[in-house]
Amino acid sequence: EKAGFDWFMRKEIFEQPKAVADTLLGRFNSKGELVLDEMRGISPEDLRRINKIVIVACGTAYYAGMVAKYAIEHWTRVPCEVEVASEFRYRDPIIDPQTLCVTISQSGETADTLMAIRHARIQGAKIIAICNTNGATIPRESDAVIYTHAGPEIGVASTKGFLTQLAACYLLGLYLAQVRGMKYADEIRVITDELAHTPQMIQQMLDGADEIYQLAHDLASAEDFIFLGRHVGYPVALEGALKLKEIAYQHAEGFAAGELKHGPIAIIEPGMPVFVVVPPAGRDQLRDKVLSNIKEVKARGAHTIVLAENGDDGIEADADLIIRLPHTSTLLQPLVATVPLQLLACELATELGHDVDQPRNLAKSVTVE
Ligand code: M6R
């Protein structure tokens, strides 16, 4: 069943090119327009009427929602909030019939998320679910569903679930832009083309697995890990840290790199591994800021592991190790940058002798609030 892999998680990481390709399959017509039949429960008129989007999800799915917020606000200029479902539900959020609620859940059974959408529905919001499980409770209680076609995810730590959620979020953002009138038509065309190539790019990251496994061996005795990113690199950092916590039981924290000097930099000690996601070329202001964050941690003795695209050659001086990424648009970078962090967590947990598929204290689907 594990197709020769030691863990379901590792198998699922390696299934990601196909999982993402399957999630994108059949969603564009020959003119490159999105055809989302699943949106039938919410008409284009409904989507043109909305004036606010709220995204609710938990854990890794919440990080996918953070990426979605950047993409959706940029492409549609509709204000978009993202919140963990357990907080959203109990703070009396402002929702009305012009609010679109987007929920993201691999299992479709997460209790916090379900309660959040029930609350949104009572206030009159339309609900779109992004879900991997056909006929689960969350899609059943939603007006429309974009299914991710990842296939069953067995490992408790979500991997292909996350990447396919990202793909579905991009589809939703592009669809909203298409329906509401595109502000950035050229950019959107580029993104649409690029999206079709992301399965090969993810494969390239997997082809470099041995380098990441070596890194996992080198870091086996580290006790604290820091992950930094800006923009969509920030949720990638959070996801990298969560994977390490979940299966390797290591203390790991993700931060928005700009927040470093507001506190977290105090914990940097000589030799501490710090992973930094560098935005692609073209976002030069953002990139320069990240490069100064690398300098800041390096100056305090951190062991810097920098994820940067091929050809980005301004970083050697401050990077102890560079993990190369294929060139992408900034918004799509999480699809490639997450992969080495998944491989690292899987390999480190294996090295430390943990049960990667069934980590202690965790359940695949959290069906209690
Ligand atoms: O099934 P869901 O996507 O609703 O699950 C949400 C979280 O419980 C889930 O992503 C959790 O954080 C994973 N264990 C992360 O690897």
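First listed ligand is number 1; within each ligand, the first listed atom is number 1. Positions are given from 1 along the sequence. The structure displayed is predicted, hence computed values, not measured ones.
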Tell me if a side-chain donor or acceptor on Glu194 pairs with a main-chain N or O of Ser329 at a distance below 3.5 Å. yes
Just to be sure I'm reading this right: ignoring hydrogens, which of Glu109, Glu246, Glu239 gets closest to atom 13 (C) of ligand 1? Compare them by their nearest heavy atoms. Glu246
Check each heavy atom of Lys364 against ligand 1 and say whether those closer than 4.0 Å belong to the side chain, the backbone, both or neither. neither
Please confirm whether Val156 comes within less than 3.5 Å of ligand 1 when only nitrogen or oxygen atoms on both sides are compared. yes
Are Leu244 and Trp7 linked, directly or through intermediate hydrophobic residues, by side-chain heavy-atom contacts shorter than 4.5 Å (ILVMFWY only)? yes
Going by the angle between their ring planes, with limits at 30° and 60°, are Phe227 and Phe225 parallel, tilted or perpendicular? parallel
Which class fits the ring pair Tyr70 and His231: parallel under 30°, tilted 30 to 60°, perpendicular over 60°? tilted
Numbered in order shown, the ligand 1 atoms found under 4.0 Å of a heavy atom of Ala61 are 3 (O), 10 (O)
Counting only nitrogen or oxygen atoms and a 3.5 angstrom limit, does Thr113 reach ligand 1? no
Residue that, paired with Val236, satisfies side-chain contact (heavy atoms from CB on, under 4.5 Å) out of Val277, Leu228, Val67: Val277
Under 4.0 angstrom from ligand 1, any heavy atom of Lys243? yes
Ligand 1 to Ser158, heavy atom cutoff 4.0 Å, flagged ligand atoms 15 (C), 16 (O)
Please could you name the atoms of ligand 1 that Ser105 approaches to less than 4.0 Å, counting only its heavy atoms? 1 (O), 2 (P), 3 (O), 4 (O)
Output the list of atoms in ligand 1 that are nearer than 4.0 Å to some heavy atom of Thr60, sorted by atom number. 10 (O), 12 (O), 15 (C), 16 (O)
Gln333-Glu309 side chain donor-acceptor pair, cut-off 3.5 Å: no
